[in-house]
Amino acid sequence: VGSPTLNNNIFPSIADVLTYIKGLKPRNLVGAAFGSYGWSGESVRQVEDILKEIKVDLLSEGIKCRNAPDSDTIDKCLSIGAEVAKRWDHKLK
C-alpha cells in the first residue's frame, strides 16, 4: 500500500481504502508499505501500523523516499511486488 505524506498523515483516499478494508476483516494478506514525502515521512509508518492491525504478512520494512524515488528505491519496490506475486501464485495452486 503506497501513500505520500500529506500534512503529516496518510493521503486521504488511501486512508479511506484502508478503513474500508479494515472493516471487511480480510485474511491471508501479504504486502508492504511505501511512500514519498517532502518534509516528513509519517505516512509509511501509519500505513504499516494499519497493515499490522489487520494482520497483513509484511514482506519488508516500509520503504519511504524523499520526493521522487531513485533507482534503488524503485528496485526495492519491484522486488517486493515480485515477492507478493510469488506468494499469491503459490497460494492459488
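Residue indices begin at 1 and follow the sequence shown. The model shown is predicted, which means the values in this text are computed figures rather than measured ones.
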*Which of these passes side chain to side chain contact (heavy atoms under 4.5 Å, CB included) with V1: I50, V56, I21, L18?*
L18

Measure the spacing between [atom1] of [X] and [atom2] of [Y] and express it to the nearest 0.5 Å.
X: F34; Y: I74; atom1: CZ; atom2: CD1; answer: 11.0 Å
X: L78; Y: T73; atom1: CG; atom2: OG1; answer: 11.0 Å
X: I63; Y: D72; atom1: CD1; atom2: CG; answer: 11.0 Å

_As a quick check of understanding, evaluate salt bridge (Lys or Arg N to Asp or Glu O under 4.0 Å) for R45 and D49, giving each step before the final call._
CA-CA 6 Å; R45 182 191 45 77; D49 289 346; 3.2 Å; yes

[Y] side chain reached by [X] side chain, heavy atoms, under 4.5 Å:
X: D57; Y: L29; answer: no
X: D70; Y: C65; answer: no
X: T5; Y: V44; answer: no
X: E53; Y: K22; answer: yes
X: L59; Y: R87; answer: yes

Qualifying residues under salt bridge (charged side-chain N to carboxylate O under 4.0 Å, His left out), relative to [X], sequence neighbours excluded:
X: E61; result: none
X: D75; result: none
X: K52; result: none

Short side-chain to backbone donor-acceptor contact, [X] and [Y], under 3.5 Å:
X: N9; Y: N7; value: yes
X: R66; Y: Y37; value: no
X: Q46; Y: I10; value: yes
X: S43; Y: S3; value: yes

*Non-hydrogen atoms of S60 and E48 that approach each other most closely*: O-OE2, 4.0 Å

